[in-house]
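Throughout, a chain's letter reflects where its sequence line sits, starting with A, and its residues are numbered from 1.
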Protein chains: 2
Amino acid sequence: MGIGNVSERRLAPPQVGVSVVILALGEDSTGRSRLWLPLVRRVRQPFLGAWALPGGGLTANRSLEQSAYAALESTTTLHPRYLEQLYTFGDLGRSHGGLPMVSIVYWALVGTAEAKDFVEADNVRWFPENDLPELAFDHKAIIDYALWRLRTRIAYPDVAARLVGETFTLSQLHDVVEAVTGEPVDLANFRRRILASGELEDTGVKQRVGNHRPAAVYRYVAAASTSWNPYDWLKADEGRTDGEHPDTTGTIPGPDPPPASVDDDPMSALAR
Amino acid sequence: MGIGNVSERRLAPPQVGVSVVILALGEDSTGRSRLWLPLVRRVRQPFLGAWALPGGGLTANRSLEQSAYAALESTTTLHPRYLEQLYTFGDLGRSHGGLPMVSIVYWALVGTAEAKDFVEADNVRWFPENDLPELAFDHKAIIDYALWRLRTRIAYPDVAARLVGETFTLSQLHDVVEAVTGEPVDLANFRRRILASGELEDTGVKQRVGNHRPAAVYRYVAAASTSWNPYDWLKADEGRTDGEHPDTTGTIPGPDPPPASVDDDPMSALAR
DNA sequence: TCAAAAGTGTTCAGCATACACCCATGT
DNA sequence: ACATGGGTGTATGCTGAACACTTTTGA
């Protein structure tokens, strides 16, 4: 049924890679706040010379997340404040008629790049989200999806906070949210909602930007388990005395379940 | 740094597979409504004889989602009403010191199996969620994660509706939600909230279960874009006249962007 | 004292909760 | 008539939206 003969098949094991959509705030030529992201220029066919998401193949002794970090470090020295698995792409349109080409895509938020701490090499350049070049593969679609995820999550304090610096005023945070959504947000209500989340801590420092009242400077402090990462979730689960679901009301401690993460061999998991 | 010599490395290309957590409603021995899921018995080392999630390797001309459907069909002839990518697992604990073992996991909801339409072969068996056998690899943790996802989403009408049959009464839907969460839910408010979503359609049929007033029978009708699947999302995006983000207000149609999904070569995406 | 941004108060609408109540049906 | 589950009404409280208002600062 498959296209390609046996020798081709042998030469083409599953093509699996990790890519990262890295997002940071910056200003466009008019001074308006925009999302920027680094792209790398391809030095091989196909799409030679086109721009693409940073990424790489899987390597030994490196988890998927570590591979994502490696891709991050290849394009920026900014410390990522947020890294989350986005989606794994593997539809038929990406393959060459053989095994599917699989891209495990992460998205990352890095702090505002006021220091322009960019690796502006020949083959790496930052682009504003609204003025992207022609992109290789389906990377344009992947970026659009990552931007959509950001826009649907920007209302959460942790996401917004990680797009600005270590510390920030509520006005700065508010500006970020408005820049990302493109919609005006009532500052008074924003302030109350964010503070009510309990995820911001007043540093006691005041900061002035103009000839007017100085603003309180806040710091983000992680709330209990807002993570969507299953590993974080599993880790929390392991802390319990039994293997039951957090929502169940069972309280009788049982023997410890086996370690959650052990070896796997998914290729042979299906008994036939 | 890596363990294993070159020949081992050559014999072990990236191990990538697709697994599925398939969930259906059934009753336990006491008649209580429970979630059941099918497992397959391993016929190979490691974990020979242990139970594991249905799954398989990637094959030519089959997308990830199609591989998930294939795994589904190997254990049940029930038609899946819901199939969504859950997460891609690939931490170091799953590998044997070499390339990471990657499992792209989907979760599926199938209708209540009143017909016991189970493939109860020797190597396939359904288990209630609260009485699972010893599981291979980290599959117990993956199942726990899928159950958590279900419990956090069960409040949405589409998820609950897809756990019951094609048509159902509001009481039946309500029972499902209570069975999954384990919490009592006020029926009157549940009814209003669900109907207010506009995702249920009255079939006009009435159904009686006891010696009392018959209940209205409803059918689920998909609302506009509640999908978390990026491909659904991208498809909607392609319907637009330009390549801009749905939230932007730009209205000037430009030339059609190139097709969103084309070939990919993630292994060489990183230019060095 | 004025402008400008920081920060607070107040009203209103919507929606979920809790729970009392009425309705339809077979025995 | 009555038991049983289907279905509705209603008071209460919380939360976000809208927007008027007060406070703090430098010039």
Side-chain angles (χ1 to χ4, degrees), chain A residues 31 33 151-161 164-165 167-219 223 226, chain B residues 31-33 151-157 159-161 164-165 167-219 223 226:
Chain A
S33 206
R151 289 186 171 113
T152 59
R153 301 243 170 126
I154 193 66
Y156 297 101
D158 64 323
V159 174
V164 296
T167 60
F168 46 85
T169 68
L170 289 183
S171 289
Q172 287 169 350
L173 202 62
H174 174 252
D175 289 348
V176 166
V177 172
E178 287 199 334
V180 168
T181 62
E183 303 270 307
V185 175
D186 186 285
L187 177 58
N189 297 323
F190 174 80
R191 155 189 302 278
R192 263 184 298 251
R193 188 172 60 77
I194 293 292
L195 290 179
S197 77
E199 293 175 37
L200 293 197
E201 181 184 72
D202 193 333
T203 61
V205 178
K206 301 284 177 190
Q207 180 178 318
R208 252 192 322 105
V209 279
N211 311 338
H212 43 268
R213 179 171 177 177
V217 174
Y218 291 86
R219 172 189 298 112
T226 43
Chain B
R32 196 170 163 329
S33 207
R151 290 188 171 110
T152 59
R153 302 240 172 129
I154 193 66
Y156 297 101
V159 174
V164 296
T167 60
F168 46 85
T169 68
L170 289 183
S171 288
Q172 287 170 349
L173 202 62
H174 173 252
D175 289 348
V176 166
V177 172
E178 286 200 334
V180 169
T181 61
E183 303 270 309
V185 175
D186 186 286
L187 178 57
N189 298 323
F190 174 80
R191 156 188 300 280
R192 263 184 297 251
R193 186 172 60 78
I194 292 293
L195 290 179
S197 78
E199 294 175 37
L200 294 197
E201 182 184 72
D202 192 334
T203 62
V205 179
K206 301 286 176 187
Q207 179 179 320
R208 251 190 324 102
V209 280
N211 310 337
H212 43 267
R213 178 171 177 176
V217 174
Y218 291 86
R219 173 190 299 113
T226 43

OP1 or OP2 of C:dG7 under 4.0 Å from side-chain N/O of A:Arg191:
yes
Quick one: label B:Ala188 by what it contacts on the DNA or RNA (base, sugar-phosphate, nothing), any heavy atom closer than 4.0 Å.
base
Of A:Asn189 and A:Arg213, whose closest DNA chain D nucleotide lies nearer the 5' terminus?
A:Asn189
Taking CD from B:Glu183 and C1' from C:dT17, how many angstroms apart are they, rounded to a whole number?
15 Å
Provide, to the nearest angstrom, the distance between the CD1 atom belonging to A:Ile194 and the P atom belonging to D:dG16.
10 Å
Please report the distance, rounded to the nearest Å, between CD in B:Gln207 and C1' in D:dG5.
13 Å
Taking side chain as C-beta onward, heavy atoms only, is A:Leu195 less than 4.5 Å from A:Leu170?
yes
What is the separation between atom CG on A:Leu173 and atom P on C:dA6, rounded to the nearest whole Å?
13 Å
Write down the distance between OH (B:Tyr218) and C1' (D:dG7), rounded to a whole number of angstrom.
9 Å
Describe the nucleic acid contact of A:Ser171 in one word from base, sugar-phosphate, nothing, applying a heavy-atom distance below 4.0 Å.
sugar-phosphate
Nearest-Å distance for atom pair NE2/C1', residues B:His174 and D:dG7:
13 Å
Close side-chain approach of A:Phe168 and A:Leu200, heavy atoms under 4.5 Å
yes
Base, sugar-phosphate or nothing for A:Arg208? Non-hydrogen atoms, less than 4.0 Å.
sugar-phosphate
With respect to the side chain of B:Ala216, which nucleotide from D:dG5, D:dG7, C:dG7 is positioned closest?
D:dG7
Let me confirm one number: the NE2-CZ distance from A:His174 to A:Arg191, rounded to the nearest 0.5 Å.
10.0 Å
Side-chain donor or acceptor of A:Arg192 under 3.5 Å from a matching atom on the base of C:dG9?
yes
Rounded to the nearest Å, what distance is computed from the NZ atom of residue B:Lys206 to the C1' atom of nucleotide C:dT25?
13 Å
Residue whose nearest DNA chain C nucleotide is more 5′ - B:Pro214 or A:Leu187
A:Leu187
Given A:Thr167 and A:Val205, is the side chain to side chain contact (heavy atoms under 4.5 Å, CB included) satisfied, shown in steps?
CA-CA 10 Å; A:Thr167 60; A:Val205 178; over 6 Å; no
Any side-chain to backbone donor/acceptor pair from B:Glu178 onto B:Val185? Under 3.5 Å, distance only.
yes
Indicate, yes or no, whether a donor-acceptor pair under 3.5 Å links the base of C:dA3 to the side chain of A:Asn211.
no
Distance check needed: D:dA18 P versus A:Phe190 CZ, whole Å only.
15 Å
State which of C:dA18, D:dG6, D:dG16 makes the closest approach to the side chain of A:Arg193.
D:dG16
